[in-house]
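To keep things clear, I will list the structure first and then write my remarks on it.
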Amino acid sequence: MRANPADYELKSPGTLNGVLSLLAEAPGQWTPIAGGTEIMVQFGTGRMTQRQFVNIFGLPELTAISITPESIRIGAGVTYTAIRNHAEIGEALPLLAKAASWTGSLANQNRGTLGGNIVNGSPAADSPPALLVYEATVDLISVRGTRSIPYAGFHTGYKKSALAPDELVLAITILRPAAGLRQYLRKVGTRNAMAISKVALAGVATLDGETLRNPRVAIASVYHSPYRCLKTEALLADATVSPKLIAEARAALIAEIAPLDDIRSTARYRTQVSANLLEEFLLSLRSNAEESAS
Ligand SMILES: Cc1cc2nc3c(=O)[nH]c(=O)nc-3n(C[C@H](O)[C@H](O)[C@H](O)COP(=O)(O)OP(=O)(O)OC[C@H]3O[C@@H](n4cnc5c(N)ncnc54)[C@H](O)[C@@H]3O)c2cc1C
């Protein structure tokens, strides 16, 4: 049965302090709504249990993008359109800009926010693999103050997070990648546009001659939440890309992940594609090394 709007309440305090006070009065009672692109889908099904919503879309503290020589801080309420149109984000964080350009339709990108993407906690979401390999930090805010946690520790289970019921995600901060960082991201879905990923893999590394330094690999849709592949990274660290390393890395990745088996794809397909994407990432590093040596 479709939802009846009269059964729901929406408040729009219009200020960050007003929103935080409301959340603090009765933690868990009021659900923040940013772009609403996740919430309105649930609303449409009539199965949503929350009844009270507080509007946070467009709050200035949540829509700011701050650039310093060291870092880029993106407000949780920044939309995908703002991310993909931001020249410095495109230059310094191409994986995040690419993920923003893949998310849903242009209409989704005009409303959907980075904060909404991570709080929603879908294992298949597009921004998280990039945020994981960039080792992003998440700033949380409540009337009690602010705290920062690594994004890698944000998801604590399927659709569960470290966010307290009276907290908002305020911003996501990423240190500017070192010069020469090789960056890779590929999403495999049913179509090229308007498709949730079956698998998406992000990888970064620097090359010291032909030796991989600080490799980081993260994947969507292979765990209860977006997943950073620490065991595979350990195998790759300080190694040289070779057919032997690629074979070992594929095996390590397959041993490390537990792909989902759901309506979008099978675990078997996701396992194979994850290993193929990892191989593609590693081969791209080798071809880059050959280009820079020639
Ligand atoms: C047609 C369609 C296609 C889509 N395609 C994609 C896709 O390709 N890839 C993809 O990753 N996603 C996709 N999505 C999902 C969605 O657009 C994104 O997850 C989007 O980023 C959600 O942001 P939002 O601001 O709209 O979140 P909302 O719907 O407003 O909120 C989502 C959740 O986050 C919470 N929340 C939001 N902001 C905050 C905050 N600052 N602090 C605390 N809690 C907060 C809300 O309470 C809610 O629980 C699609 C959605 C639709 C409808």
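These numbers come from the heavy atoms of this one structure, side chains and all, not from hydrogens, waters or symmetry mates.
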Quiz item: Sequence neighbours excluded, which residues qualify as side chain to side chain donor-acceptor pair (under 3.5 Å) partners of Glu248?
Solution: Lys244

Self-check item: Ser242: partners by side chain to side chain donor-acceptor pair (under 3.5 Å), with sequence neighbours left out
Solution: none

Exercise. Not counting sequence neighbours, list each pair that qualifies as a salt bridge (Lys or Arg N to Asp or Glu O under 4.0 Å) and has a residue in residues 24-40.
Key: none

Quiz item: Do the side chains of Ser127 and Leu96 get nearer than 4.5 Å, heavy atoms only?
Solution: yes

Quiz prompt | Side-chain touch Leu114/Leu131, heavy atoms, less than 4.5 angstrom | solution = yes

Self-check item: His155: ring-ring contact (aromatic ring centres under 6.0 Å, His included) partners, not counting sequence neighbours
Solution: Tyr151

Quiz item: Looking at side-chain heavy atoms only, is the closest gap between Val217 and Leu278 below 4.5 Å?
Solution: yes

Practice problem: For Tyr227, check ring-ring contact (aromatic ring centres under 6.0 Å, His included) against everything at least two apart and list the hits. | Solution: Tyr223

Quiz item: Taking only residues two or more places apart in sequence or in another chain, which ones pass ring-ring contact (aromatic ring centres under 6.0 Å, His included) with Tyr184?
Solution: Phe281

Practice problem: Apply the test side chain to side chain contact (heavy atoms under 4.5 Å, CB included) to residues Gln183 and Leu185: give CA-CA distance (whole Å), side-chain angles for both, the deciding distance (0.1 Å), then the verdict. | Solution: CA-CA 7 Å; Gln183 308 192 28; Leu185 177 65; over 6 Å; no

Exercise. Using the test side chain to side chain donor-acceptor pair (under 3.5 Å), find all partners of Asp261 that sit at least two apart in sequence or belong to another chain.
Key: none

Quiz item: Linking Ile, Leu, Val, Met, Phe, Trp and Tyr by side-chain heavy atoms under 4.5 Å, what else ends up with Phe53?
Solution: Tyr8, Leu10, Ile33, Ile39, Met40, Phe43, Met48

Quiz item: Is the shortest distance from a Lys or Arg side-chain nitrogen in Lys187 or Asp126 to a carboxylate oxygen in the other one below 4.0 Å?
Solution: yes

Quiz item: Is Ile56 isolated, or which residues cluster with it under the ILVMFWY side-chain rule of less than 4.5 Å, directly or via members?
Solution: Leu16, Val19, Leu20, Leu22, Leu23, Trp30, Val54, Leu59, Leu62, Ile141, Val143, Leu168, Leu170

Practice problem: Any pair with a residue in residues 81-108 that passes salt bridge (Lys or Arg N to Asp or Glu O under 4.0 Å), sequence neighbours left out, goes on the list, sorted by first then second residue, please. | Solution: Glu88-Arg176

Quiz item: When clusters are formed from ILVMFWY side-chain contacts under 4.5 Å, directly or step by step, what else is grouped with Tyr158?
Solution: none

Quiz item: Does Asn214 have any side chain to side chain donor-acceptor pair (under 3.5 Å) partners at least two apart in sequence or in another chain, and if so, which?
Solution: none

